[in-house]
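We name chains A, B, ... by the order of the sequence lines, and we start the count at 1 in each one.
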Number of protein chains: 2
Amino acid sequence: MERRTAQRAAILEVLEGGRAFLSAQDLHDRLRSKKRSVGLTTVYRNLQSLVEQGVVDVVRTPAGESKYRLCSKDFHHHHLVCRHCGVSVEVESPEVEKWASVIARDHGFSDVTHELELFGNCTQCKNA
Amino acid sequence: MERRTAQRAAILEVLEGGRAFLSAQDLHDRLRSKKRSVGLTTVYRNLQSLVEQGVVDVVRTPAGESKYRLCSKDFHHHHLVCRHCGVSVEVESPEVEKWASVIARDHGFSDVTHELELFGNCTQCKNA
DNA sequence: CTATATGCAAAGTATTTGCAACATT
DNA sequence: AATGTTGCAAATACTTTGCATATAG
């Protein structure tokens with residue numbers, strides 16, 4: 001995943017277009033409606049490599065689907081994600097980080113990491 | 001899922017035996033080695049009903065598998081789970097709850113819920 | 001006896017892999 | 001030309017569903 005290909009560019013273009021978390025399927029659909037179709041397999045492969053590069057973040061929805069979004073790679077953050085449209089905000093949580101390390105120590109666990117995401121309805125989708 | 005069946009009893013017996021999160025498959029395997037075999041489908045169906053009753057908690061591992069464990073249904077908590085053996089501790093986090101509601105308000109999101117789990121290596125598995 | 005639970009086999013998701021054709025460098 | 005990339009079809013992993021049979025109440 002180091003060559004410049006039309007598919008990769010198209011994928012990045014869609015990702016750069018919004019702040020919403022999209023599934024591989026969502027991305028595939030959007031590309032198709034923009035007449036820039038890319039195989040679903042290729043979408044998966046590119047997303048995976050973008051995740052490895054730290055350019056894209058993933059959240060697993062409670063329904064068990066992975067959703068991807070372009071993210072700041074420079075600071076540790078979590079997301080507040082809209083259940084309906086997927087828009088999201090990057091949020092920091094110094095107090096959570098601190099809490100987590102205290103808990104880890106108290107129970108003698110090492111190498112403790114945490115998974116934290118907030119899900120809600122954004123201002124636009126309040127009704128839905 | 002309201003009748004007393006041998007299968008349901010066997011499943012509960014295994015769940016009551018430990019503090020580890022088990023996948024449906026794990027449970028199915030343990031039942032088989034105890035000579036109390038239960039169909040995998042039945043394991044899934046019972047787990048699902050136990051989850052609905054609030055008796056069992058689920059965590060989705062980063063690998064995308066659902067794991068189940070008997071849990072206190074009376075208070076909101078999260079889990080500190082060992083990546084190797086699955087043992088886990090229920091932990092409370094008043095500061096996280098508070099933080100989450102502030103974030104939600106600040107961004108105008110409503111009905112905000114959160115998914116939070118801590119993963120690490122327990123004392124027994126430090127080496128592994 | 002009746003309704004619910006079981007369990008096999010088959011279907012359904014979400015994602016990954018094999019591999020030949022293809023495009024980038 | 002050489003190697004990385006694509007995309008279809010097939011494989012995988014987990015979970016759910018259809019349906020006939022068994023069983024609790």
Side-chain angles (χ1 to χ4, degrees), chain A residues 1-15 20-53 55-69 81 83 86 115 117 119, chain B residues 1-15 20-53 55-69 81 83 86 115 117 119:
Chain A
M1 245 62 225
E2 19 197 282
R3 280 182 185 174
R4 297 175 174 302
T5 67
Q7 291 86 333
R8 187 181 188 64
I11 290 169
L12 277 167
E13 198 177 292
V14 172
L15 288 173
F21 272 92
L22 303 175
S23 65
Q25 198 54 255
D26 292 338
L27 214 26
H28 181 259
D29 293 346
R30 297 201 182 195
L31 287 162
R32 197 157 45 103
S33 34
K34 289 181 68 179
K35 310 291 181 202
R36 310 271 302 267
S37 289
V38 171
L40 183 55
T41 305
T42 302
V43 172
Y44 272 110
R45 277 192 284 233
N46 276 283
L47 285 172
Q48 183 182 299
S49 103
L50 290 167
V51 169
E52 277 159 20
Q53 291 170 49
V55 178
V56 161
D57 276 6
V58 201
V59 294
R60 293 194 60 95
T61 65
E65 219 189 4
S66 295
K67 301 206 151 206
Y68 307 83
R69 202 199 92 161
V81 186
R83 273 188 281 266
E115 310 271 328
E117 308 298 339
F119 294 96
Chain B
M1 244 64 232
E2 19 198 283
R3 281 183 186 174
R4 300 172 167 296
T5 68
Q7 291 84 334
R8 187 181 188 66
I11 289 170
L12 278 167
E13 196 177 295
V14 172
L15 288 173
F21 272 92
L22 303 175
S23 65
Q25 196 54 254
D26 291 338
L27 214 25
H28 180 259
D29 292 347
R30 296 200 182 196
L31 287 162
R32 199 156 44 102
S33 34
K34 289 181 70 180
K35 311 291 181 200
R36 308 273 302 267
S37 289
V38 171
L40 183 54
T41 306
T42 302
V43 173
Y44 273 109
R45 278 193 283 234
N46 276 283
L47 285 172
Q48 183 182 300
S49 103
L50 291 167
V51 169
E52 276 158 20
Q53 292 169 50
V55 178
V56 160
D57 276 7
V58 202
V59 296
R60 294 193 60 94
T61 65
E65 219 188 5
S66 295
K67 301 204 150 206
Y68 307 82
R69 203 199 92 160
V81 187
R83 272 189 281 266
E115 309 272 327
E117 307 298 338
F119 295 96

Checklist entry - Along nucleotides 19-25 of chain C, 5' to 3', which nucleotides get a B, which get an S, and which get a -, given that the test is a protein heavy-atom distance under 4.0 Å? => result ----BBS

Checklist entry - What parts of residues 23-35 of chain A reach DNA chain C, counting only heavy atoms under 4.0 Å away? => result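 Contacting residues: none.
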
Calculate the interatomic distance between [X] atom [atom1] and [N] atom [atom2]; express it in whole Å.
X	N	atom1	atom2	answer
B:L22	D:dC14	CG	C1'	16 Å
B:R8	D:dG25	CZ	C1'	15 Å
A:E65	D:dC14	CD	C1'	15 Å
A:L40	D:dT12	CG	P	19 Å
A:R60	D:dT15	CZ	P	10 Å

Just jot down the salt bridge (Lys or Arg N to Asp or Glu O under 4.0 Å) partners of [X], sequence neighbours excluded, or say none.
X	result
A:R3	none
A:D57	none
A:R69	A:E90

OP1 or OP2 of [N] under 4.0 Å from side-chain N/O of [X]:
X	N	answer
A:N46	D:dT6	yes
A:Q7	D:dG7	yes
A:Y44	C:dT16	no

Could you run down the sub-3.5 Å N/O contacts of the protein with nucleotides 9-12 of chain C?
none

With sequence neighbours excluded, what pairs up with [X] under the side-chain hydrogen bond (donor to acceptor under 3.5 Å, both in side chains) test?
X	answer
A:S66	A:R60
B:R45	none
A:E65	none
A:R8	A:N46

Checklist entry - For A:Y44, which residues count as a side chain to side chain contact (heavy atoms under 4.5 Å, CB included) partner, sequence neighbours excluded? => result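 Side chain to side chain contact (heavy atoms under 4.5 Å, CB included) list for A:Y44, sorted by chain: A:A24, A:L40.
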
Item to check | B:Q48: side chain to side chain contact (heavy atoms under 4.5 Å, CB included) partners, not counting sequence neighbours | outcome: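 Side chain to side chain contact (heavy atoms under 4.5 Å, CB included) check on B:Q48 returns B:E52.
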
Next on the checklist: Give me the distance, rounded to whole Å, that separates C:dG7 from C:dA11 when you measure between the C1' atoms they each carry.
Outcome noted: 16 Å

Item to check | Beyond-backbone contact of A:V14 with A:L22, side-chain heavy atoms, under 4.5 angstrom | outcome: yes

Checklist entry - Does A:D29 reach the main-chain N or O of A:D26 with its side chain, forming a donor-acceptor pair under 3.5 Å? => result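 Checking the backbone N and O of A:D26 against the side chain of A:D29, no donor-acceptor pair under 3.5 Å is found.
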
